Amino acid sequence: MARPNDEVEALLREYADLIAITGKGAFKQRAYERAARAIGGHPADVATLDSKSLREIPGVGSSIADKVEEYLRTGRVAAVEETRASIPPGVRALLDVPTLGPKKAMTLYRELGVSSVDELAAALREDRLAELKGFGPKARENIEHGLAVLRQSGGRIGLDTALGVAEETVARLGEAAGCVRCAYAGSVRRMKETIGDIDVLAAADDPEPVMAAFCALPLVAEVVLRGRKKTTVRTVDGLQMDLRVLAEDSWGAGMIYFTGSKAHNIRIREIAVRKKLKLSEYGLFDAKTGRKRAARTEEEVYRRLGLPWIPPTLREDRGEVAAAQRDALPRLVTVDDLRGDLHSHTDLTDGIAPLTEMVAAAARRGYHYYAVTDHAPELRMQRMTLDKARAQREQLRQLAGEHGRLKLLHGTELNIDPEGNVDWPAEVLAEFELCVASIHSHFELDRDAQTRRLIRACENPHVNIIGHPTTRKFGRRNGIDADLDAVFAACARTGTALEINSHPNRLDLNDEHILRAREHGVRFSIDSDAHAPTHLGHVRFGVAQAQRGWLGPDDVINTWPLTRLRRFLRKTGAR
DNA sequence: GCCGTTTTCGGCCCGACTGTTTTCAGTCG
């Protein structure tokens, strides 16, 4: 299913959590977390590494390497199994509730026997937390709010996870006997930021072997229902997945129908009705005679409706059908349009890979330019200093020219303080080729304060990009409360770009914000915010959100040639 | 548990915020 590195990362993270909950040493816990991150972000497949190379991964010593090897060999690790036996899995799930950490989770389990999020909600309702030490009224209120945030994302999973499952399933079913075509549809194909369930389509004359292959997939935990045309399963992640099998000659109509969105489908069916046609998942038919007019491909069905093909990321009934009728669909930005990445980290701060590895990974992507933007000193835990930043700049200079056309830019990710000020005085900021500025704390300030703060950051002549502008994280916190339209206007006025942060847990700005910001004439930067070489590929998620926000290449500064980008970074020609 | 221009022991990312335990533990980034 997942790549072995991801499985190992998940296992080590789980073990780290269990160590924290059982109170077996903060340093041991951190060692496991560090190793988990290092392996998750390691470019080589751990399953192919020999013992020596495994131990060369920073943070992986002999104890952890042994466990990794045990896992790769047997699929389990005795030490982890033992700890699991003493702590029910639901206790670990309590850590997903914001404001609940390992200590409080353990107290809840030990004192009240709470061993799941549901039991926590029940205990809260029955006011059983009041008797516990360390759970005063405010703490209980915070937990209640935390549960609400968790519930909002509840049942939905990240686009990255869903895409992984969908792609894996399509690859496997494509090999099933008699399967002519296979593809995923639904919200995964529309690249929505979170996914409720996965829809997979297959074309086959005989559905039976495909259905059987589907039910036999290793990631299937339970077959919920099974019929001739449709089968529903639940995956090991608790995700619902539907497979529909149809005849090859209605493939296009089926793809349109199951890609949705529902609102988009209603819109195009209205057009069909006006043309005395009837559109279903089986095809586009003459309403009177029932004769099939189109069905084989999406293009053919749209064409018969008098429309050009509409990209799935636009199919949300946000005016795309009307635009298609006017032949005014935007030319959407694609991953191939990106000439560089303007927000990334190295192990000088909280990345896991050294500068040389990050740069090499950027070069492999064929970029024309690449900005290294490690954290600035105000984010204290990263221990950045001006000396370190300058040394990094020198190191970057020495790497210049080592990767063909790739131009390296030295930047930094500044911290926006509650007043909207950033690290370092202007003369120091001027040394950097670009500055990203982001909020990392004080998420609870009121709307006016947050708005002022962001606008002030935009007005700083050295701030080029506002990083992850709302700071939301799925399942962790909602974005800050700010008058975003005022912020968008300030960005347009000052020539400050807004980031579309591509990390699948962030996707910030989101599609609706992008649409609104675009109306203000804002420019965008689609960045990975990579903390490891493998993260550079996250831009596919950011690009998808940009498409959902109707952006073309011209709206996105990191599709521009370097000379044009540099002009923008000087912040003189705000439009 | 990892690691080493502090090198096989003794450190380890640091500081702010918050609520409540009135002197600090827990959580977060």
Side-chain angles (χ1 to χ4, degrees), chain A residues 11-13 15-39 54-68 70 77 79-80 83 94-108 110-111 129-146 149 345-352 374-385 388 391 413-419 423 438-445 467-468 471-473 475-480 501 503 505-506 508 529 531:
Chain A
L11 183 84
L12 296 179
R13 273 187 199 283
Y15 196 47
D17 283 348
L18 293 175
I19 289 166
I21 293 168
T22 53
K24 283 190 194 143
F27 291 118
K28 188 168 162 180
Q29 174 209 349
R30 256 191 250 163
Y32 275 95
E33 270 170 7
R34 178 159 182 249
R37 275 182 356 122
I39 289 173
L54 191 56
R55 282 162 175 76
E56 276 167 5
I57 300 176
V60 179
S62 60
S63 173
I64 291 180
D66 284 347
K67 290 188 178 70
V68 173
E70 182 186 349
V77 176
V80 180
T83 320
L94 295 179
L95 304 185
D96 291 336
V97 181
T99 72
L100 276 192
K103 293 289 185 288
K104 286 197 162 125
M106 191 56 180
T107 305
L108 288 166
R110 208 179 41 226
E111 303 295 326
L129 269 55
E131 60 202 65
L132 290 182
K133 235 171 123 174
F135 290 81
K138 198 68 205 213
R140 299 205 295 279
E141 199 184 309
N142 286 340
I143 294 172
E144 206 153 2
H145 180 248
V149 172
H345 297 272
T346 74
D347 60 3
L348 185 61
T349 58
D350 58 351
I352 64 161
D374 270 314
H375 288 289
E378 282 301 315
L379 207 60
R380 309 245 177 235
M381 68 171 179
Q382 308 304 350
R383 293 179 144 188
M384 180 56 110
T385 63
K388 285 191 196 172
E413 182 182 10
L414 302 165
N415 188 52
I416 304 175
D417 81 4
E419 278 73 50
D423 321 52
S438 322
I439 288 176
H440 297 107
S441 62
H442 300 90
F443 306 116
E444 301 304 325
L445 295 180
H468 45 73
T471 76
R472 65 105 172 246
K473 275 190 173 177
R476 294 310 290 178
R477 58 169 180 257
N478 299 322
I480 55 168
N501 188 294
H503 194 287
N505 292 340
R506 288 192 185 266
D508 179 15
D529 194 1
H531 287 68

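Just so it is clear, the structure is predicted and the values come from calculations on it, not from any experiment. Naming convention: chains lettered A, B, ... in sequence-line order (proteins, then strands); numbering from 1 in each chain.
- Pair assignment for dG15(B) gives dC28(B), based on Watson-Crick or G-U wobble hydrogen-bonding distances that are each under 3.5 Å.
- No side-chain heavy atom of Asp417(A) sits less than 4.5 Å from a side-chain heavy atom of Glu378(A).
- Set against dT20(B), dG29(B), dC2(B), the side chain of Ala139(A) has dT20(B) as its closest nucleotide.
- Under the rule for a side chain to side chain donor-acceptor pair (under 3.5 Å), the partners of Thr349(A) that lie at least two apart in sequence or sit in another chain are Asp374(A).
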Show each protein N/O and nucleotides 16-18 of chain B N/O combination with a separation under 3.5 Å, one pair to a line.
from: dC17(B); atom 1: OP1; to: His442(A); atom 2: NE2; distance (Å): 3.4

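- At a threshold of 4.0 angstrom between heavy atoms, the contacts of Ser63(A) are confined to the sugar-phosphate backbone, with no base atom among them.
- Here, dG15(B) and dC9(B) have their C1' atoms 27 Å apart, quoted to the whole Å.
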Let me check something: any side-chain donor-acceptor pairs from residues 57-68 of chain A under 3.5 Å, sequence neighbours excluded? List them with distances.
from: Ser63(A); atom 1: OG; to: Lys67(A); atom 2: NZ; distance (Å): 3.2
from: Asp66(A); atom 1: OD1; to: Arg55(A); atom 2: NH2; distance (Å): 2.9
from: Lys67(A); atom 1: NZ; to: Tyr32(A); atom 2: OH; distance (Å): 3.0

Kindly determine whether His375(A) and His440(A) satisfy ring pair (Phe, Tyr, Trp, His ring centres under 6.0 Å), including the steps that lead there.
CA-CA 11 Å; His375(A) 288 289; His440(A) 297 107; 5.3 Å; yes

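- Residue pairs that meet the side-chain hydrogen bond (donor to acceptor under 3.5 Å, both in side chains) test with at least one member in residues 130-140 of chain A, sequence neighbours left out, do not exist here.
- Comparing the C1' positions of dG26(B) and dT21(B) gives an interatomic distance of 11 Å, to the nearest angstrom.
- Counting any heavy atom pair closer than 4.0 Å across all strands shown, Arg140(A) reaches no nucleic acid atom.
- The separation of dT20(B) from dT27(B), taken at their C1' atoms, amounts to 14 Å, rounded to a whole angstrom.
- Around CD of Glu444(A), the count of heavy atoms belonging to other residues, nucleotides or ligands within 6.0 Å does not exceed 12.
- The separation of dT23(B) from dG29(B), taken at their P atoms, amounts to 29 Å, rounded to a whole angstrom.
- Phosphate contact (OP1/OP2 of dC13(B), side-chain N/O of Arg30(A), threshold under 4.0 Å): present.
- Atom P of dT6(B) sits at a distance of 26 Å from the matching atom of dG1(B), rounded to the whole Å.
- Comparing dC13(B) with dG19(B), their P atoms sit 29 Å apart, to the nearest whole Å.
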Assign a letter to each nucleotide of nucleotides 22-27 of chain B from its 5' end: B, base within under 4.0 Å of a protein heavy atom; S, sugar-phosphate only; -, no contact.
----SS

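- Two residues, Leu379(A) and Ile64(A), neighbour DNA chain B, and the one matched to the more 5' nucleotide by heavy-atom proximity is Ile64(A).
- Taking every heavy atom of both residues into account, Gly146(A) and Pro98(A) meet most closely at O-CD, 3.7 Å.
- We find that NZ of Lys24(A) is positioned 16 Å from P of dC2(B), with the value rounded to whole Å.
- Across the protein-nucleic acid pair, Leu132(A) atom CG and dT20(B) atom P stand 12 Å apart, rounded to whole Å.
- Taking every heavy atom of both residues into account, Ala36(A) and Arg13(A) meet most closely at CB-CG, 3.8 Å.
- Summarising the geometry of Ile39(A) relative to Leu12(A), their closest heavy-atom pair is CD1-CD1, 3.8 Å, with the distance given to 0.1 Å.
- Here the separation of dT8(B) from dC2(B), taken at their C1' atoms, is 12 Å to the nearest Å.
- Per the geometry, CD belonging to Gln29(A) stands 12 Å off P belonging to dC28(B), to the nearest Å.
- Under the 3.5 Å distance criterion, the side-chain polar atoms of Asn505(A) are left unmatched by any main-chain donor or acceptor of Lys473(A).
- Between the C1' atom of dG19(B) and the CG atom of Leu129(A) lies a distance of 15 Å, rounded to the nearest Å.
- Residue-level contact check: Tyr15(A) touches neither bases nor backbone, having no heavy atom under 4.0 Å from any strand.
- The distance between atom CZ of Arg55(A) and atom P of dC3(B), rounded to the nearest whole Å, is 11 Å.
- For residues 95-108 of chain A, there are no salt bridge (Lys or Arg N to Asp or Glu O under 4.0 Å) pairs, not counting sequence neighbours.
- As rounded to whole Å, 14 Å separates atom C1' of dT20(B) from atom CD1 of Ile143(A).
- Note on Ser62(A): only backbone sugar-phosphate atoms sit closer than 4.0 angstrom, heavy atoms only; bases stay farther off.
- Atom CG of Asp350(A) is separated from atom P of dC28(B) by 17 Å (rounded to the nearest Å).
- The nearest whole Å value for the distance from the NE2 atom in His345(A) to the C1' atom in dC13(B) is 15 Å.
- Aromatic stacking is marked for Phe27(A) over dC12(B), as both cut-offs hold: 5.5 Å for the centres and 30° for the planes.
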